[in-house]
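By convention here, the first residue in the shown sequence is residue 1. Note that ligands are numbered from 1 as they come in the structure, with each ligand's atoms numbered from 1 the same way. We use all heavy atoms of the structure for the numbers below, so side chains are in, but hydrogens, waters and symmetry mates are not. Note that this is a predicted model, so its numbers are computed, not measured.
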Amino acid sequence: MRKAYIAGNWKMNLTPSEGAEYAASLAKAVKESGVDCRVMIAPSFVALPAVVEAVKGSGITVAAQNMANHVSGAYTGEVSPLMLKDIGVNTVILGHSERRRYYGETDEIINSKVLLALSEGMEVVLCVGETLEERQGGKLEEVLSRQIKVGLAGVEASQMEKITIAYEPVWAIGTGMTATPEDADGAHAFIRSTVGSLYSDDIAKNLIIQYGGSVKAGNIKALMSKENVDGALVGGASLTLDAFLPIITYNN
Ligand code: PEP
C-alpha cells in the first residue's frame, strides 16, 4: 500500500523568517487537521535551519531543492549533502526542470547527485518530465525512459525505497495548464513499468510517483483518484497555508 506523499517546492520564495513563520503555522494546522498523507516542504537553502526548527515534532519532512554532486572541496556556491544532513535535512529534490533548463543540469549530472545523496543515506525526489515540443513530437515515452534510466543508473535495488519520482510535464509547471488526471495516470503507469523492467515488479509496485504541474485545491482530488498517482509536487500553491492546506487535506 503506497502512502500518499505531497510536497511543496517553495523555489526562490519566502525569506528565512517568512518561511519559519509559515512552516510553524503549517505544522500546527497539520496536527490539528489530522492530515493522513506524508507532507514535505522544500525551502531555499538559507531558510532550511529555521524551517527545520519550526516543524520539529510535526512529522513534516523538510527537503532541499538541490545539492552539489561533491561532498566537499573547491566548489564555490555549492551545498554539500554533509551540510544538509548536519542541519537535519535528509531529503533532496533533484532534477527539477528549472535546474535542467536554467542551470544546464544533464541526466548525467543529476545521476551523480542521486548516487551521492543515496550513498549519504538521503532520500531523493527525482523529477522527470517532457517539454511541450517533446510531447507534441510523440517523444513522451522516449524522454521519460531516458531520464529514468540515466537518472537511476547505478542505483541498487536495495536503495530504491529511498527514491520517489515526480512526473512534472514542463509545459504544466507554473503555467496554470495541468495534465488531465488521465494524462498523468498514463505517464505514471509508463514510469512504473519502466522502473519495473529496470528492477522488479515489487519495487515498481511500491514506488511513490508524484504529479507536479499547476496542482491546486481544485484539481488535487481528481489527480489523486488515479491509480498511479501517489502524491503531488506543488510549486505556486505551496507558498501559503490557505492554498496548501486544502491540498494536503484533500482526503479529509
Ligand atoms: C514545480 O515547480 O515543481 C511545480 C509543479 O510548480 P507549479 O505547481 O507552480 O506548477
Side-chain angles (χ1 to χ4, degrees), residues 4-14 18-19 22 26 37-45 47-48 51 60-67 89 91-105 107 110 113-114 117 123-132 134-135 140 143-144 147-148 151 163-181 183-185 187-188 191 208-224 226 228-250:
Y5 183 12
I6 299 187
N9 172 15
W10 294 0
K11 308 192 184 186
M12 200 175 71
N13 297 293
L14 301 177
E18 289 167 344
Y22 166 36
L26 180 65
C37 62
R38 179 178 178 194
V39 177
M40 178 259 263
I41 48 178
S44 71
F45 285 129
L48 284 169
V51 170
I60 296 174
T61 299
V62 179
Q65 299 172 16
N66 181 33
M67 64 166 224
V89 173
T91 304
V92 61
I93 298 172
L94 295 173
H96 191 279
S97 65
E98 287 151 14
R99 299 297 317 169
R100 294 175 188 263
R101 185 156 39 143
Y102 303 136
Y103 302 100
E105 291 198 13
D107 289 317
I110 293 158
K113 295 184 178 191
V114 169
E123 280 188 57
V124 170
V125 175
L126 172 64
C127 302
V128 298
E130 80 288 2
T131 63
L132 190 57
E134 288 165 341
R135 171 169 276 253
L140 171 66
V143 170
L144 293 181
Q147 291 176 338
I148 291 167
I163 299 277
T164 294
I165 292 186
Y167 168 61
E168 300 206 304
V170 179
W171 48 272
I173 296 181
T175 59
M177 284 163 68
T178 323
T180 64
D183 284 340
D185 194 49
H188 287 211
I191 290 168
I208 303 283
I209 308 176
Q210 299 172 326
Y211 169 77
S214 299
V215 172
K216 42 190 176 296
N219 57 25
I220 184 72
K221 227 180 162 123
L223 286 161
M224 291 301 287
K226 292 294 170 191
N228 287 291
V229 178
D230 309 312
L233 180 53
V234 186
S238 72
L239 294 175
T240 63
L241 188 62
D242 279 357
F244 197 47
L245 190 59
I247 297 176
I248 59 176
T249 54
Y250 74 97

Hey, does [X] come in under 3.5 Å of ligand 1, counting only N/O atoms on both sides?
X: G174; answer: yes
X: G235; answer: yes
X: H96; answer: yes
X: L233; answer: no

Check step by step if side-chain contact (heavy atoms from CB on, under 4.5 Å) holds for V39 and F244. CA-CA 10 Å; V39 177; F244 197 47; 4.1 Å; yes
I'd like to check which ligand 1 atoms, numbered from 1 as shown, lie under 4.0 Å from a non-hydrogen atom of [X].
X: G213; answer: 5 (C), 10 (O)
X: A172; answer: 10 (O)
X: S214; answer: 7 (P), 8 (O), 10 (O)

the protein heavy atom lying closest to atom 3 (O) of ligand 1 turns out to be E168 OE2, 2.6 Å
Atom 9 (O) of ligand 1 sits nearest the protein heavy atom G236 N, 2.8 Å
Test item: T131 side-chain N/O and V170 main-chain N/O as donor-acceptor pair under 3.5 Å: no
Between R135 (side chain) and L140 (backbone), is there a donor-acceptor pair under 3.5 Å? no
Which of L245, T240, L239 passes side chain to side chain contact (heavy atoms under 4.5 Å, CB included) with D242? Answer is T240
Exactly one of I220, L233, T178, N219 clears side chain to side chain contact (heavy atoms under 4.5 Å, CB included) with Y211, and that residue is T178
d(N228 CG, L223 CG) to nearest 0.5 Å is 12.5 Å
- Under-4.0 Å salt bridge between R101 and E168: no
Is there a heavy atom in C127 that sits closer than 4.0 Å to ligand 1? no
